[in-house]
Structure formats: C-alpha cells, structure tokens
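In what follows, a structure is listed as structure tokens, so that the remarks can point back to it.
Convention: sequence-line order gives letters A, B, ...; per-chain numbering from 1.
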Amino acid sequence: MKLIENEQAFMLHRRAYTDSRILVDFLSPNFGRVRGVHRAAKLRGAGRGKNRGHLQPQQFTLMQLSYRGDGELKTILSLENLSNPIPLTGVQLYCGLYLNEILTYLLPAEDPQPHLFHCYQSTLTALSNSTVGEEDICLREFELVLLAELGYAIHFNVDVSGSPIENSAESFYRFEQELGFSRVELGIQGVYLYRGCDLCAIAARQWRLEAVRSVAKRLCRQAINHHLGGRALNSRELFLTL
Amino acid sequence: MFSPLIDQLIQSLRALPGVGPKSAQRMAFQLLERDRDGAERLAQSLLLAAAKVQRCCECRTLTEENRCAICTSSRRDRTLLCVVESPADVVALEQSATYRGVYFVLLGKLSPIDGVGPKEIGIDVLEQRFATAELTEVILATNPTVEGEATSHYIAERAKKHGIRVSRIAHGVPIGGELEYIDGGTLAHAMSSRREL
C-alpha cells in the first residue's frame, strides 16, 4: 500500500463523513488534488475522549500531511499545521473560497502540481496583502497559471494564423476555446470581440487600467466556464451584490 | 438474525449520531427487555416532536409554537440581534446567561463548494428584518472557521447598508487554557485584538 509521508498541503475543502470522521480535499505539490478520510474531532470543535478540544483543520493554512492508500480515497494518518493561517478578511475570503472551488472542480485527482501549488500559496499571500477593489488581479493571475498548468494556456502574443497580435485599439480578435484568438473585422454579430491593445496588456500583466481587468475577467470566465462543462460556480454568488 | 420488528428498531436507532450496529442492538434490547415504559415514552415523544416541532417564524430556531419562547418573551431586548449558525449555538449562548437580546439562526453557513449560498441560509429573511425591525446592534456569533468568517462578513455588509451597528464576537484564549498548547492562529487573533487595562 502506498504510504506518503510529510507532504506539504493546503486544505481545499472539508465535509462531514461519519460521526467521528471528516472527508478532506487537499492540494499538494507532488500529488496534486488528494481526497482523504481524517479521523478527527468531528463537528463543533470539541470531540470525545482523547480528541477532546482538537480543532478542525482550516483552509489557507500550510499543513504537513501523511496518508496511505491506493484508491481514490486515502486514509489520513497525520495532519499538522506548519504555519498560521494566511490572514484573509472580507472579500479576500470570498476570493480564497473561489480559488478552492475552481481547483476542486478543474484539477484532476492525483496529478502532480508543484508549480500550481507554489502559485496557490503566493496568490493567497498576495490576496492577504491586496488593497480593497484590487483582489481581482490576484485571481486573474492565478487563473491564467491554472489554465496553463492544465494544458489550456491562452496565447496572447500570436493569433491562430501565427501572426503576432497587433497592439492597437483598432484591431479586433475573437476568442475560440482550445484554438485561440483570430483576427476579425468589426461588425460581426453575436460574439464578443477583444481589442488587440487589451490582449497585449494582459500578456504583459499590466493591470493598471480597470478596462483591461474587466476584459481579462471576461476572458478567464469564458475559458474556465468551458472547462467546467456547464457547472455553475457558487462562490461567484458571493460577489454579486457587492 | 432478529425478527423483522427488532431488526427495524435497530436500524432506526442507527439514525442517531454516534450509534453503530452494536450500540443500536444494546439500546433495542435495553428498551425491550428492561424498560417497556421507557420505550413507550420514547416512542410517544418522538412521534409528537417529529409531528409538531418546526422553525420559529422569526428566528428560525426549533420550537413547537409559531414563535419561540425567546422571541415572544417581554423581558428580551428586541433591539439586539445575535446571529448564530445552529439551534445548538442558541442553547450554548443561553447557558452562558450573558445575553439579553434575541437571535437569528442561519441553519448553516456560506459554503460555495457544498452549494450553500446566501439564499440557503436565509439572508433574504434576515435582510427583511434589518429593514423592518428597530435594531441598534447586530452581534455576529458564527463559528471562527473560514466559512463562518465569510458568512459574518457577508451579513455585516448587509447590516451596514441599513445603518445598523455590527459587532463580531471575540476570538482568543479559552478560560483555563494554557498558551503553550494554543494554536498559532488563535494566539495571533488574541494578540491583535488585545484590550487595554
């Protein structure tokens, strides 16, 4: 039976399983998204017997995880916090929950993700330091890395025909899933067109302009929705009435 | 192994938390062998409670009345509203005997991955209360978990829109606890929200 010891991990989600056990989803660098059963003080913090007073594992906290098992559901042997939780407050918390939701749905189980793991960690730190109203920048940068790591990177420098994307407000492109951008004339009905200059700004990660950020948001949403295959993201609801 | 009725009883007892097959069997035999009266009483009260107990129309806690005892009490300060996650939290706060206002029970917490959004925890009902009731303060007593914090922020934003003062219960070192054994997150909270003496 496979035994994994002392792997770093962030908890993505936790749910009640049986009376004394919880089901936990993790993101780890060498094993990607892992799901395991954790025998812990269930619900309400204080458990019974020797577990009394144990606390539930929390999201956004770097942990050290040991588990064993060959199937999809692992048995968690130990779980320890390596640091304090990354302090997210207010809208930053919604953003963190959003990241966890897209990771839960988009990441295949047990696929190594060392780069994504470190990106997740630095995104959380960046979120906790972000100023009000600019949390979306962290989300966009993470989404672009996530898409690239999943093998669906969006190429902002060249269009479908191989010619470079023109950095101008007069050139228009349409985005097609799994293909990329193709140059079109203005006036096509029914599709959203992206301006060349906005695409070049996203390529260079220049987020100063609100317009660029809203274009990036639309683009990422279009790409992520495609890979979600029609599943709606509940965490988006939290941002709705802000 | 057992006759159908006993089997059914054992299976039904397993609906209780912490009761596995062996405990369920012990409970069933205890009731049938030694305590028939107790069994009758248990059956009666289960039937009655399951039929009559519902949600209080104001605070959503469990009660057999239309409005619960706390909501109808004239000795309660109706301008103070404490928001909690579950009816068990109401009981815990009541036992601490420090609070004289009324409650609102969410029956859950915001948890996007589980499909629990604002509608599922009755934020629309709560917002109506913000708009119509005369409140001086809303106390947010959701659990100090990630979801609990997100929930309390969400409610705080809405309460502030109606110009109501919002407070959050303090997090810190439990009485009788030892700093040495307390997790770093709690200690960091306790440090950052320390009080001047």
Select all residues of residues 164-197 of chain B having any heavy atom within less than 4.5 Å of some heavy atom of chain A, and report them by number, or 'none'. B/Asp183, B/Gly184, B/Gly185, B/Ala188

Which residues in residues 41-71 of chain B have any heavy atom closer than 4.5 Å to a heavy atom of chain A? none

Take a 6.0 Å sphere around [atom1] of [X] and say whether it holds more than 12 heavy atoms from other residues, nucleotides or ligands.
X	atom1	answer
B/Arg26	CZ	no
A/Glu210	CD	no
A/Glu176	CD	yes

Distance-only, no hydrogens or angles: does the A/Tyr94 side chain make a donor-acceptor pair with backbone N or O of B/Tyr154 under 3.5 Å? yes

Hey, could you give me the [atom1]/[atom2] distance between [X] and [Y], rounded to the nearest 0.5 Å?
X	Y	atom1	atom2	answer
A/Ser235	B/Ile113	OG	CD1	7.5 Å
A/Gln56	B/Thr145	CD	OG1	9.0 Å
B/Glu149	A/Gln92	CD	CD	12.5 Å
A/Leu238	B/His153	CG	NE2	9.5 Å

What pairs of residues pass the salt bridge (Lys or Arg N to Asp or Glu O under 4.0 Å) test when at least one of them lies in residues 90-104 of chain B, not counting sequence neighbours? B/Arg76-B/Glu94

Over all atoms of both residues, closest heavy-atom pair of A/Leu97 and B/Val146: CD2-CG1, 3.9 Å

What pairs of residues pass the side chain to side chain donor-acceptor pair (under 3.5 Å) test when at least one of them lies in residues 141-150 of chain A, not counting sequence neighbours? A/Tyr98-A/Glu143, A/Arg140-A/Glu143, A/Glu141-A/Trp207

Heavy-atom cut-off 4.5 Å, strictly under: side chain, backbone, both or neither for B/Ser111 against chain A? side chain

Have a look at B/Pro112 and tell me which of A/Glu237, A/Arg236, A/Glu101 forms a side-chain contact (heavy atoms from CB on, under 4.5 Å) with it. A/Glu101

Of the backbone (N, CA, C, O) and the side chain (C-beta and beyond), which part of A/Asp25 lies under 4.5 Å from a heavy atom of chain B, both, or neither? neither

Is it the backbone or the side chain of A/Leu88 that comes under 4.5 Å from a heavy atom of chain B, or both, or neither? neither

